[in-house]
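Fair warning: this is a prediction, and the values are worked out from it, not measured in the lab.
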Amino acid sequence: MEPYFADEHAVVVVMACSDAYVPYCSVAIHSVIRHASRERKYDIILFSCQVTKRHQWMLQKMAEPFFNISIRFAEVGPYISSCGLYTRDYYHPVIYARLCMPDLMKGYRKAVYLDADLVVLCDIAQLFDQELNGSLLAGVRDAGMLAWYGTQEHIEQVYIDTYLRLKNPYAYINTGVLLLQLEEIRKQYSARSLMEYAA
């Protein structure tokens, strides 16, 4: 996928969305647009899994009044479904789409990944403009997960200890808001290797 804007300062935002999540995704997109600066360009890319043409049209229409905002779709369903990824409860395999970003976005140096069920309360460019100083990505500790981890025999405690086997569980980050240095990640990992590890 190539950048929509010929502007190296364009803010790149990626979300993953299934057809069932379109209503929530529309709220997230609206919140990004509402706080966007008129001085910057925003390239919003939706990694989609079987989002209907009608729903795609409805989401893309949100950008029409704005000269500086683009909303595009990249269908990742076939790629993700071929990887045998673990999901439980209400989670959809499209949540793993963020792992494809380095390979699918070869024309991009950097991007912000946002879950489709959140609300942005400031200009997302503030996060996009952060320097990573050699790190591959930036995120924040997941307070909810840490609370669950501290609850004896909670399903998340079992997940972290048994499946993830983290050396420092209290450094677990919320992967729903990430700043990724795509260019640097590509040098060290392929999407296929990340997907295989996740599976």
| query | Side chains of Asp123 and Tyr42: do they bring a donor and an acceptor to under 3.5 Å? | reply | yes
| said: Is there a continuous path of hydrophobic side-chain contacts, each under 4.5 Å between heavy atoms, that joins Ile185 to Leu127? | reply: yes
| query | Between Ser135 and Gln181, which heavy-atom pair has the shortest distance, and what is it? | reply | O-CB, 3.9 Å
| query | Asp161 and Arg165: which non-hydrogen atoms are nearest, and at how many Å? | reply | O-CG, 3.2 Å
| Rounded distance (nearest 0.5 Å) linking atom CG of Leu46 with atom CD1 of Ile29 | 4.5 Å
| Okay, side chain of Glu64, backbone of Gln60: is any donor-acceptor separation there less than 3.5 Å? | no
| Donor-acceptor pair, side chain of Gln56 and main chain of Val51, under 3.5 angstrom | yes
| Are Phe47 and Val177 in one and the same hydrophobic cluster, where Ile, Leu, Val, Met, Phe, Trp and Tyr link if side-chain heavy atoms are under 4.5 Å apart? | yes
| Is it true that Met145 and Tyr163 fall in one hydrophobic cluster, defined by side-chain heavy atoms closer than 4.5 Å? | yes
| query | Does Val14 reach the side chain of Leu180, with side-chain heavy atoms less than 4.5 Å apart? | reply | no
| said: In the structure I gave you, are the side-chain heavy atoms of Val32 and Val11 within less than 4.5 Å of one another anywhere? | reply: no
| field | Where His30 and Met62 come nearest, the two heavy atoms and their spacing | value | N-CE, 3.5 Å
| Out of curiosity, Leu59 CG to Cys17 SG, how far, rounded to the nearest 0.5 Å? | 6.5 Å
| request: Kindly say whether Val119 contributes a backbone atom to a donor-acceptor pair with the side chain of Ser31 at under 3.5 angstrom? | output: no
| What pair of heavy atoms forms the shortest contact from Asp19 to Gln50, and how long is it? | CB-O, 3.4 Å
| message | Assess the residue pair Arg72 and Asp43 against the criterion (side-chain contact (heavy atoms from CB on, under 4.5 Å)); give the C-alpha distance rounded to whole Å, side-chain angles, the decisive distance to 0.1 Å, and a yes or no. | response | CA-CA 8 Å; Arg72 299 182 292 151; Asp43 190 359; 3.1 Å; yes
| said: Donor-acceptor pair, distance only, cut-off 3.5 Å: does the side chain of Ser37 make one with the backbone of Glu39? | reply: yes
| query | Ile160 and side-chain contact (heavy atoms from CB on, under 4.5 Å): which partner among Leu146, Leu166, Ile155? | reply | Leu166
| task | Check whether any side-chain N or O of Asn174 sits under 3.5 Å from a backbone N or O of Val140 as a donor-acceptor pair, and report yes or no. | result | no
| said: Angle between ring planes, His154 versus Trp148, binned at 30° and 60°: parallel, tilted or perpendicular? | reply: parallel
| request: Would you name the heavy atoms of Pro3 and Gly107 that are closest together and state the gap between them? | output: CG-O, 3.3 Å
| message | Whether the side chain of Ser26 engages the backbone of Pro23 through a donor-acceptor N/O pair (distance < 3.5 Å, no angle test) should be reported. | response | yes
| request: Decide if atom CD of Gln188 counts as having more than 12 heavy atoms of other residues, nucleotides or ligands within a radius under 6.0 Å. | output: yes
| Nearest-0.5 Å distance that lies between atom CD in Glu184 and atom CZ in Arg109 | 9.5 Å
| query | Quick check: does any side chain N or O of Gln157 sit under 3.5 Å from a backbone N or O of Tyr149, one acting as donor and the other as acceptor? | reply | yes
| note | Rounded to the nearest 0.5 angstrom, the CG-CZ distance for Leu179 and Phe128 is 7.5 Å
| Between Tyr24 and Asp115, does any side-chain donor sit less than 3.5 Å from a side-chain acceptor? | no
| said: Just verifying a value: how many Å separate Ile45 CD1 and Phe73 CZ, rounded to the nearest 0.5 Å? | reply: 11.5 Å
| request: Identify whether Leu104 and Leu137 are in the same connected component of the hydrophobic contact network (ILVMFWY, side-chain heavy atoms under 4.5 Å). | output: yes
| message | With a 6.0 Å cut-off (strictly less than), is the heavy-atom count around CZ of Phe5, excluding the residue itself, greater than 12? | response | yes
| query | Are Met15 and Phe66 joined in one hydrophobic group, where the rule is that I, L, V, M, F, W and Y side chains link up if heavy atoms are under 4.5 Å apart? | reply | yes
| request: Give the intermediate values and the outcome of side-chain contact (heavy atoms from CB on, under 4.5 Å) for residues Leu182 and Lys110. | output: CA-CA 5 Å; Leu182 299 174; Lys110 184 179 180 184; 5.8 Å; no
| field | Expected output: side-chain Glu153 to main-chain Val158 donor-acceptor under 3.5 Å | value | no
| task | Output the distance between atom CD (Glu156) and atom OH (Tyr172), rounded to the nearest 0.5 Å. | result | 7.0 Å
| Minimum side-chain heavy-atom gap Tyr113-Met101 below 4.5 Å | yes
| field | Minimum side-chain heavy-atom gap Leu118-Val27 below 4.5 Å | value | no
| Does atom OH of Tyr4 have more than 12 heavy-atom neighbours, drawn from other residues, nucleotides or ligands, at distances under 6.0 Å? | no
| query | Between Glu183 and Arg186, is there a salt bridge with N-O shorter than 4.0 Å? | reply | no
| query | Is there side-chain contact between Ile44 and Ile71, with at least one heavy-atom pair below 4.5 Å? | reply | yes
| message | Between Val12 and Met105, does the side-chain contact (heavy atoms from CB on, under 4.5 Å) criterion hold? Intermediate values first, please. | response | CA-CA 10 Å; Val12 182; Met105 301 179 67; 3.7 Å; yes
| task | I would like to know whether Met58 and Val22 meet side-chain contact (heavy atoms from CB on, under 4.5 Å); could you show each step before the answer? | result | CA-CA 9 Å; Met58 289 168 66; Val22 165; 5.9 Å; no
| field | Under-4.0 Å salt bridge between Asp129 and Arg40 | value | yes
